[in-house]
Amino acid sequence: MVRALTKAEKMILKEMYPAGSRVMLEEIVSDPESGLKPGDIGTVLRLDNAGGLHIVWDQGKSLALIYGEDCCKCLLKSEQMDRLFDQLFIMPFENIERLESWLVKKLREAFPEMCFIADSKGHLEVDLKAAAFQIQNTKISIIYETDDKGHLFIIKCGWVQEKETDRKTSDTGDHKCGI
């Protein structure tokens, strides 16, 4: 019989695995026939009172991991993404390839399928190829300028919200340097 979590356990688990965070499966004991294997990556939906950590796995499955039986590690929380956005504003990049390389280093573990879409007008879109941080079709929009030596400076960055018929950049995720 599964016992309910104590208030302290629930508080700690919600801090460790907030809704929207990206996690990697380390071990599954509660449902070995699930088809999931160590290394699979998913997005946390919620934590229930019985200790079930409900996750949508990138390969399309939804399965709750059970506290005390299964194990996963948190790869990326929304606060970490906020810090990454802040870092973008203070770091000059030599060129678009260096910017992409830096993003890969910071995000590839949590978003192994991510890809870049750049245009020649100072815009880079990073398609993370997964839902995360309470956003479906998670994408990052980066607007940059270049100096006479080709160095990039980030002007604006934030989450992209897509609707079925049109695309909008969300102002809620924009970060401003020095404010």
Asks: Treating K14 as the side-chain partner and L47 as the backbone partner, does any N or O pair qualify as donor plus acceptor under 3.5 Å?
Replies: no
Asks: Determine, stepwise, if the pair K73 / E109 fulfils salt bridge (Lys or Arg N to Asp or Glu O under 4.0 Å).
Replies: CA-CA 12 Å; K73 74 174 182 175; E109 183 180 34; 3.5 Å; yes
Asks: Between R22 (side chain only) and L76 (backbone N and O only), is there a donor and an acceptor less than 3.5 Å apart?
Replies: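 Answer holds: no.
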Asks: Kindly compute the distance separating CZ (F89) from NZ (K156), expressed to the nearest 0.5 Å.
Replies: 9.5 Å
Asks: Between K37 and L25, which heavy-atom pair has the shortest distance, and what is it?
Replies: O-CD2, 3.4 Å
Asks: Quick check against the 3.5 Å criterion: does Q80 have a side-chain atom that pairs as donor or acceptor with the backbone of K77?
Replies: yes
Asks: List the steps, then state whether side-chain contact (heavy atoms from CB on, under 4.5 Å) holds for R46 with D48.
Replies: CA-CA 6 Å; R46 67 183 176 87; D48 66 31; 3.4 Å; yes
Asks: Would you indicate whether Q59, at its atom CD, is surrounded by more than 12 heavy atoms from other residues, nucleotides or ligands within a distance under 6.0 Å?
Replies: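 Count over threshold, so yes.
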Asks: Is there a donor in the side chain of H123 and an acceptor in the side chain of S141, or the other way round, less than 3.5 Å apart?
Replies: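 Short answer, yes.
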Asks: Is a donor on one side and an acceptor on the other found under 3.5 Å between the side chain of D70 and the backbone of S30?
Replies: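 Present.
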Asks: What distance do I155 atom CD1 and E145 atom CD have between them, rounded to the nearest 0.5 Å?
Replies: 3.5 Å
Asks: Does Y17 reach the main-chain N or O of C72 with its side chain, forming a donor-acceptor pair under 3.5 Å?
Replies: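 Checked: pair present.
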Asks: Ignoring hydrogens, what is the shortest heavy-atom contact between F153 and P92? Give both atom names and the distance.
Replies: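 Closest pair (atom of F153, atom of P92, distance): CE2-CB, 3.6 Å.
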Asks: Would you say the side-chain atoms of E9 pair up with the backbone N or O of T6, donor to acceptor, closer than 3.5 Å?
Replies: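 Checking the backbone N and O of T6 against the side chain of E9, a donor-acceptor pair under 3.5 Å is found.
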Asks: So which atom in M81 and which in W159 form the shortest heavy-atom distance, rounded to 0.1 Å?
Replies: CE-CH2, 3.5 Å
Asks: Indicate yes or no for a side-chain donor-acceptor contact from S78 to the backbone of F133 under 3.5 Å, with no hydrogens or angles considered.
Replies: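 No; zero donor-acceptor contacts below 3.5 Å.
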Asks: When you measure from the side chain of T138 to the backbone of A130, do you find a donor-acceptor pair of N or O atoms at a distance under 3.5 Å?
Replies: yes
Asks: Please report the closest heavy-atom contact between V56 and S62, naming both atoms and the distance.
Replies: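 That closest heavy-atom pairing would be CG2-OG, 3.7 Å.
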Asks: For side-chain contact (heavy atoms from CB on, under 4.5 Å), just list the numbers for D40 and D58, CA-CA rounded to whole Å, side-chain angles, deciding distance to a tenth of an Å, and then say yes or no.
Replies: CA-CA 8 Å; D40 285 345; D58 286 358; over 6 Å; no
Asks: Counting neighbours of NZ on K129 that are heavy atoms of other residues, nucleotides or ligands and sit closer than 6.0 Å, is the number greater than 12?
Replies: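 For K129, atom NZ is not crowded (no more than 12 foreign heavy atoms under 6.0 Å).
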Asks: Begin from the C-alpha positions of E125 and I140 and carry the test side-chain contact (heavy atoms from CB on, under 4.5 Å) through to its verdict.
Replies: CA-CA 6 Å; E125 186 171 277; I140 300 168; over 6 Å; no
Asks: Show the nearest heavy-atom pair for residues T43 and A132, with the distance to one decimal.
Replies: CG2-CA, 3.8 Å
Asks: What are the two closest heavy atoms between L103 and L124, and how far apart are they?
Replies: CD1-CD2, 4.2 Å
Asks: At what distance, to the nearest 0.5 angstrom, does SG of C71 lie from CD of E27?
Replies: 7.0 Å
Asks: If we ignore hydrogens and angles and just use 3.5 Å, is the side chain of R98 paired with the main-chain N or O of L152 as donor and acceptor?
Replies: no
